[in-house]
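These notes concern the structure reproduced below.
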Amino acid sequence: MFGLGTLFYAVLFFVNGIAVLSEDRFLARIGWSSKNTIHGNTQGMGTQYGYGDYNMQGNTNMENGDGIKSRLINLISATRTLLRIPLIIVNVLVILYELVLG
């Protein structure tokens, strides 16, 4: 059955999957790297995050990248940065729990 333990494991696996994504090997190839720039121009033109670069009023906003894709890129980056140590601790606790109580 589906319970809180199963939901916890699903969220933990999902966050672990986000945390192990390599920005250089995987995310840059599909254009989801935080280092991408518009057509190689690095003179402050802003970053290109592809489709979805519209703010809530419907105006285009390429300068600061408030689109859905840029927000997902920032979420992935923040997850990889902020949750690194807590994920190690939670994973060790889950492994110990599974070893002891099966």
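- Rounding to the nearest 0.5 Å gives a distance of 11.0 Å between CG of L83 and CD1 of I89.
- Put simply, the side chain of S70 gets close to the backbone of G67: a donor and an acceptor are under 3.5 Å apart.
- The hydrophobic clustering, which links ILVMFWY residues whose side-chain heavy atoms are closer than 4.5 Å, places L82 and I73 apart.
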*asked:* Using the rule given for side chain to side chain contact (heavy atoms under 4.5 Å, CB included), can you reason through L12 versus N91, listing the C-alpha separation, both sets of side-chain angles and the distance that settles it, and then say yes or no?
replied: CA-CA 8 Å; L12 182 65; N91 282 324; 3.7 Å; yes
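- Hydrophobic clustering (ILVMFWY, side-chain heavy atoms < 4.5 Å, transitive): F14 and V20 are in distinct clusters.
- In the hydrophobic clustering of this structure, I88 does not group with F8; members are Ile, Leu, Val, Met, Phe, Trp, Tyr whose side-chain heavy atoms approach within less than 4.5 Å, directly or through other members.
- No side-chain heavy atom of L75 sits under 4.5 Å from any side-chain heavy atom of I18.
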Under 3.5 Å donor-acceptor pairs involving side-chain atoms of residues 92-100, not counting sequence neighbours:
{"unit_1": "E98", "atom_1": "OE2", "unit_2": "Y9", "atom_2": "OH", "d": "2.3"}

